[in-house]
2 protein chains.
Amino acid sequence: MPHTHKDQDTPELLLENQLCFAVYSAAHAFTAAYKPLLDQIGVTYPQYLVLLVLWEANGSSVGEIGGKLNLDSGTLTPLLKRLEAQGFVSRNRDKNDERVVRVHLTAMGRDARIHAVAARRAIVCSLETTEPEIQKLKTLVTELDGRLRTSGPNR
Amino acid sequence: MPHTHKDQDTPELLLENQLCFAVYSAAHAFTAAYKPLLDQIGVTYPQYLVLLVLWEANGSSVGEIGGKLNLDSGTLTPLLKRLEAQGFVSRNRDKNDERVVRVHLTAMGRDARIHAVAARRAIVCSLETTEPEIQKLKTLVTELDGRLRTSGPNR
DNA sequence: CACAATTGAATTGCGTACAACTTAAAAAGC
DNA sequence: GCTTTTTAAGTTGTACGCAATTCAATTGTG
């Protein structure tokens, strides 16, 4: 009897079979898990990602930050203005090239790193897995990310 | 010599070691990969997720959709209004409980399923992996999602 | 039955994301 | 050297995503 109640000729589109949804949901879960921890520092999750970049490469340009996080200026400019307004960073035009804006950590931005380390440890702990397991999964997801970005009609 | 150039006492916070960023980035990559395909149907990626739910459970309430997608009414109400304005669904109060709004697919919403199957196949194909591999990774990510959601200070 | 507590959507406000466009500065071409 | 092209940020408009609040309908309790 075809056309019964829930006739699934294609299990391909069942929500629970979708890797894309699993990733979408996990991304939100990470944001939510980090939220109470980042609230204490006073930054949002995307702002925390920007700080991760700056702790590694202080003085990066808006474009460099965007290149690492895959975000464009339309997202970063207002976000950086908020980080600046809250005292975490300073934004200044590069003397040698007035087109680029360099973002530097303030003392406050530098200090926030300590709390970030603690936050990250708390999350890892709550995952109840080993660091190697986390890195293994990270590698798989990064590989997926790469394939998605290098395949489309463009590029 | 401590404090050299890029002194990393804690590789814990290196961007490329962050599972959370890998997931964050992959989620955006999925959205971008689906975009040109969904553009042809005329829906956004989150709207597509709602359609996935409805193709499986037509007539779901706003709350039921949100329960499956982990989205609240603040996100869904305007999204559903747009889906309705574009002719994919209808929204009506439940006769037995005037608080709940039931969402039903229109003929157009039902028909869009065909194109969605094609879109999903195109994405899977671009990943150059087998369906079992995709499902394996999906399982790992879903497990991660679960741990993140059941650990926090709440719950 | 009356009334308090709960529930389901909707609304408001803020912060991403991204497409499309603008503007200013630098690089390239002639 | 002057114009054309390219590049880097910023701006504008639309669509999420979520916290917090509101409002109406239903449920629970005395």
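No experiment lies behind these values; they were computed from the predicted model shown. Residue numbers start from 1 in every chain, and the chains themselves are labelled A, B, ... in the order their sequence lines are given, proteins ahead of strands. All values below come from the heavy atoms of this structure, side chains included, with hydrogens, waters and symmetry mates left out.
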Find the distance [X]:[atom1] to [N]:[atom2] and express it as a whole number of Å.
{"X": "Asp39(B)", "N": "dC18(C)", "atom1": "CG", "atom2": "C1'", "result": "12 Å"}
{"X": "Ile65(B)", "N": "dA10(C)", "atom1": "CD1", "atom2": "C1'", "result": "15 Å"}
{"X": "Asn70(B)", "N": "dG17(D)", "atom1": "CG", "atom2": "C1'", "result": "12 Å"}
{"X": "Lys95(A)", "N": "dA25(C)", "atom1": "NZ", "atom2": "C1'", "result": "14 Å"}
{"X": "Arg102(B)", "N": "dG8(C)", "atom1": "CZ", "atom2": "P", "result": "11 Å"}
{"X": "Tyr24(B)", "N": "dT16(C)", "atom1": "OH", "atom2": "P", "result": "9 Å"}
{"X": "Leu38(A)", "N": "dT16(C)", "atom1": "CG", "atom2": "C1'", "result": "14 Å"}
{"X": "Phe21(A)", "N": "dG17(D)", "atom1": "CZ", "atom2": "P", "result": "11 Å"}

Exercise for the section: Hey, which sits more toward the 5' end of DNA chain D by its nearest nucleotide, His28(A) or Gly63(A)? Expected result: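 Final value for this comparison: Gly63(A).
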Handout entry: Hphob cluster co-occupancy, Met108(B) + Leu38(B), side-chain heavy atoms under 4.5 angstrom
Key =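 Shared cluster, yes.
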Handout entry: same_hphob_cluster(Val100(B), Val62(B)) at 4.5 Å side-chain heavy-atom cutoff
Key =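 Looking at the clustering, Val62(B) is in a separate group from Val100(B).
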At their closest point, which heavy atom of [X] faces which heavy atom of [Y], and how far apart are they?
{"X": "Arg120(B)", "Y": "Tyr34(B)", "answer": "CG-OH, 3.6 Å"}
{"X": "Val23(B)", "Y": "Ala27(A)", "answer": "CG1-N, 3.5 Å"}
{"X": "Ala22(B)", "Y": "Val141(A)", "answer": "O-CG1, 3.5 Å"}
{"X": "Ser60(A)", "Y": "Val53(A)", "answer": "OG-CG1, 4.2 Å"}
{"X": "Ala116(A)", "Y": "Leu13(B)", "answer": "CB-CD1, 4.0 Å"}

Side-chain donor-acceptor distances from residues 42-52 of chain A under 3.5 Å, at least two apart:
from	atom 1	to	atom 2	distance (Å)
Thr44(A)	OG1	Gln47(A)	N	3.3
Tyr45(A)	OH	Cys20(B)	O	3.4
Gln47(A)	OE1	Thr44(A)	N	3.0

Handout entry: Within residues 78-94 of chain A: residues closer than 4.0 Å to DNA chain D (heavy atoms)
Key =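 Listed by number, they are Lys81(A), Arg91(A), Arg93(A).
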Problem - Contact pattern, 5' to 3', of nucleotides 19-25 of chain D - B, S or - by protein heavy atom under 4.0 Å - result: B-----B
Problem - Angle by which the axis turns from one end of the helix from dC1(C)-dG30(D) to dC30(C)-dG1(D) to the other, five pairs per end, to 10 degrees - result: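 About 10°, once rounded to a multiple of 10°.
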Problem - Beyond-backbone contact of Ile65(B) with Leu71(B), side-chain heavy atoms, under 4.5 angstrom - result: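 Not touching, per the 4.5 Å side-chain cut-off.
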Exercise for the section: Indicate yes or no: at least one non-hydrogen side-chain atom of Arg147(A) is less than 4.5 angstrom from one of Thr129(B). Expected result: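 Yes, side chains in contact.
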Exercise for the section: Please state whether the phosphate of dG15(C), meaning OP1 or OP2, lies under 4.0 angstrom from any side-chain nitrogen or oxygen of Gln47(A). Expected result: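 For Gln47(A), the contact criterion (side-chain N or O under 4.0 Å from OP1 or OP2 of dG15(C)) is not met.
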Practice task
Taking only the side-chain nitrogens and oxygens of Thr77(B), find out if one of them lies under 4.0 Å from OP1 or OP2 of dT11(C).
Solution key: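 For Thr77(B), the contact criterion (side-chain N or O under 4.0 Å from OP1 or OP2 of dT11(C)) is not met.
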Handout entry: Sugar-phosphate, base or nothing in reach of Leu71(B), heavy atoms under 4.0 Å
Key =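 Contact class for Leu71(B): sugar-phosphate only.
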Practice task
With heavy atoms under 4.0 Å as the rule, sort Ser61(B) into base, sugar-phosphate or nothing.
Solution key: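 Sugar-phosphate contact only - Ser61(B) comes under 4.0 Å of backbone atoms but never of a base.
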Per-pair distances, 0.1 Å, donor-acceptor, side chain in residues 78-90 of chain B, under 3.5 Å, sequence neighbours excluded:
from	atom 1	to	atom 2	distance (Å)
Glu84(B)	OE1	Arg91(B)	NH1	3.1
Glu84(B)	OE2	Arg91(B)	N	3.3

Handout entry: Nearest to side-chain heavy atoms of Val62(B), which nucleotide of dA10(C), dA9(D), dG17(D)
Key =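 Among dA10(C), dA9(D), dG17(D), the one nearest the side chain of Val62(B) is dA10(C).
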Exercise for the section: Mind jotting down which residue pairs meet the salt bridge (Lys or Arg N to Asp or Glu O under 4.0 Å) criterion with at least one end in residues 16-33 of chain A? Sequence neighbours excluded, please. Expected result: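 Passing the test, one end in residues 16-33 of chain A: no pairs.
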